[in-house]
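Keep in mind that the numbers below use all heavy atoms, side chains included, and drop hydrogens, waters and symmetry copies.
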Amino acid sequence: MKKNAYISWTALVLISIMSASCSDNHDAPDMEPDSGSYITFSVPGLEYDGAGHTRAPLAESFGEGGITSFMVWGYCVPYIINTETLDCGSASGDWNTKSAMCAPNVFDNDMGGTTVNVSGGKTDYGTLKPWIVNNNDIDASYDYNYSFIAAANGVGGNNHGGFSMGRLSSSDHTPVLTFNMPFSGENTGDALDRADIPDALVASTFDRTRLLGKVNLSFDHILTGIRFRVNNKTGRELVVTKLTFQGQFYRTATYSFATNRMVTQAVPLETSSYSGTYTVFDGNQTVVNDGSALLGKTDENPEGNVLLLLPNPNSGAAEHPLGANKRIIVEYTVGGEPRNPFAIDILRLNYNPQPNTRHTANLTFVDDNIVLVFQADNQTNWEDGSDNFIDIN
């Protein structure tokens, strides 16, 4: 996809779904909402087994203590081809057929999306929207196919600024969701704070009918996580005092929904990237001989310090799956004696880190050398883990 294929909708004329052929009722219900008449949402789920694991700052749930809101865009009625006239007669078509002709008209055709709040085991987005009907023919509207795309940022979840919705081109309404990392640094010496990275999530569901009642959404993490484990084979006590990760990183990714299978495209580094240095760990992590420890692991942070990055999962991107010009610098002492900082240049990764997966970089200290091997976590992965290793050449 070319960058100039994405346009802003702010200049487009918004078409109300109140038309001669399609109508809805914007009156708010006076009692507990009837999901047969109004569009409502269940409290979303997350696509991983989170039992017993704390992935600060990663979200484990929606609601109190987790993500408290998400953005949603709803689609149903397509336009007549080459027009901006809605055609309720084609609302029963499946998503793969009508995706290029549908605006998010379920929620007032608002490209900004609708904020859904999550609290007390319930969801709320203000005045409820009724399911669309055709000239009050409610029986016919039960055959309409609705599709929903949603996004959420971080624990607390009230800042959705990382996401924006657009379309593929001026003539193609295919939804294209864009995510931007919150950095714009140009030099590898620029300090980057990993705490500023949102735990970004995306969900979608297609071809739902009003007969199914509440809309269920299950979110996936779109970032990949990296943490570091230190293995001590020096024969003496090892203390790691600092670890930094620098380089040029992907800033932007797009998620296209031409079909009911989301297609991810990382925007090329020469088009959208940021550079700088993350301090992944700064403290004193003691590791006894023949022992190992996760950097940053404490009782309050049992999974260690996790750095979230935007991966490029596309085939053929093995040289730059997490960016370019990457360097890991480790500061440490052995047997109480300070050693010179050890720098590891990552030239090529033979396995592409995937979204929704956490990887552990195993740093094995042997005399004055460090061996680095990345591994996808199988027991506590966010979704599909693997035994594939990332070899550093």
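Qualifying side-chain hydrogen bond (donor to acceptor under 3.5 Å, both in side chains) partners for Glu331, counting only residues two or more places apart in sequence or in other chains: none. The ring pair (Phe, Tyr, Trp, His ring centres under 6.0 Å) search around Tyr146 returns Trp131, not counting sequence neighbours. Arg339 is linked by a salt bridge (charged side-chain N to carboxylate O under 4.0 Å, His left out) to Asp368, counting only residues two or more places apart in sequence or in another chain. Listed by chain and residue number, nothing satisfies the side-chain hydrogen bond (donor to acceptor under 3.5 Å, both in side chains) test with Ser204 (two or more places apart in sequence, or in another chain).
The shortest heavy-atom contact between Phe107 and Trp73 is CD1-C, 4.3 Å. Contact detail for Thr174 and Ser256: the closest heavy-atom pair is CG2-OG, 3.9 Å. When all heavy atoms are compared, the tightest approach of Asp199 to Leu308 is CA-CD1, 4.2 Å. Taking every heavy atom of both residues into account, Ile197 and Met181 meet most closely at CG2-CE, 3.7 Å. What you find for Asn105 and Cys76 is that their closest heavy atoms are OD1-N, 3.6 Å. Residues Ser141 and Ile132 approach most closely at CB-O, 3.2 Å, considering heavy atoms.
Counting only residues at least two apart or in different chains, salt bridge (Lys or Arg N to Asp or Glu O under 4.0 Å) contacts with residues 253-269 are absent. Listed by first and then second residue, the salt bridge (Lys or Arg N to Asp or Glu O under 4.0 Å) pairs that reach into residues 286-297 are Lys233-Asp290, sequence neighbours excluded.
The environment of Asp196 atom CG is dense: over 12 non-hydrogen atoms of other residues, nucleotides or ligands sit within 6.0 angstrom. When the shell of 6.0 Å around CD1 of Ile81 is examined, it contains 12 or fewer heavy atoms from other residues, nucleotides or ligands.
By the 30° and 60° cut-offs, the orientation of the rings of Phe179 relative to Phe163 is tilted. Under the 30°/60° scheme for interplanar angles, the aromatic rings of Tyr278 and Phe183 are found to stand perpendicular.
The side-chain heavy atoms of Pro311 and Pro321, taken from C-beta on, include no pair separated by under 4.5 Å. Using a 4.5 Å cut-off on side-chain heavy atoms (C-beta onward), Val280 and Leu295 make no contact. At least one side-chain heavy atom of Leu217 sits under 4.5 Å from a side-chain heavy atom of Phe70. Residues Ile39 and Pro130 are not in side-chain contact: their nearest non-hydrogen atoms beyond the backbone lie 4.5 Å or more apart. At a threshold of 4.5 Å between non-hydrogen side-chain atoms, the residues Phe41 and Val118 do not count as touching.
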(request) Evaluate side-chain contact (heavy atoms from CB on, under 4.5 Å) for Gln248 paired with Ser275, printing each intermediate quantity in order. (result) CA-CA 4 Å; Gln248 180 185 20; Ser275 296; 3.5 Å; yes
(request) List the steps and the verdict of side-chain contact (heavy atoms from CB on, under 4.5 Å) for Asn216 and Thr205. (result) CA-CA 8 Å; Asn216 298 312; Thr205 183; over 6 Å; no
(request) List the steps and the verdict of side-chain contact (heavy atoms from CB on, under 4.5 Å) for Asn96 and Asn260. (result) CA-CA 6 Å; Asn96 292 355; Asn260 56 20; 3.8 Å; yes
(message) Let's go through Phe257 and Trp95 carefully: what are the C-alpha distance in whole Å and the side-chain angles of both, what is the deciding distance for ring-ring contact (aromatic ring centres under 6.0 Å, His included) to 0.1 Å, and is it a yes or a no?
(response) CA-CA 9 Å; Phe257 298 88; Trp95 178 252; 7.9 Å; no
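Under the 6.0 Å cut-off for aromatic ring centres, Tyr332 and Phe365 qualify, their centroids lying closer than that.
A distance-only check finds no donor-acceptor pair linking the side chain of Thr123 to the backbone of Ser42 [under 3.5 Å]. Under the 3.5 Å distance criterion, the side-chain polar atoms of Asn187 are left unmatched by any main-chain donor or acceptor of Gly189. Under a 3.5 Å cut-off, the side chain of Arg327 and the backbone N or O of Thr277 do not form any donor-acceptor pair. Proximity of a side-chain donor or acceptor of Asn180 to a complementary backbone N or O of Gly162 within less than 3.5 Å is not detected. Between the side chain of Lys98 and the main chain of Ala91, a donor-acceptor pair closer than 3.5 Å is present. The backbone N or O of Ser170 sits less than 3.5 Å from a side-chain atom of Arg167, completing a donor-acceptor pair.
Under the 3.5 Å distance criterion, with hydrogens and angles disregarded, a donor-acceptor pair is assigned to the side chains of Thr97 and Asp94. Side-chain atoms of Ser119 and Asn117 include no donor-acceptor pair closer than 3.5 Å.
Within the model, atoms CD1 of Ile328 and CD1 of Ile226 stand 7.5 Å from one another, a figure rounded to the nearest 0.5 Å. The OH atom of Tyr250 lies 12.0 Å from the OH atom of Tyr274; values are rounded to the nearest 0.5 Å. Rounding to the nearest 0.5 Å gives a distance of 10.5 Å between OG1 of Thr252 and CG of Leu269. The distance from atom CG of Asn232 to atom CD of Gln285, rounded to the nearest 0.5 Å, is 12.0 Å.
No chain of hydrophobic side-chain contacts below 4.5 Å, direct or via other Ile, Leu, Val, Met, Phe, Trp or Tyr residues, connects Val239 to Val287. Hydrophobic clustering (ILVMFWY, side-chain heavy atoms < 4.5 Å, transitive): Tyr255 and Leu309 are in one cluster.
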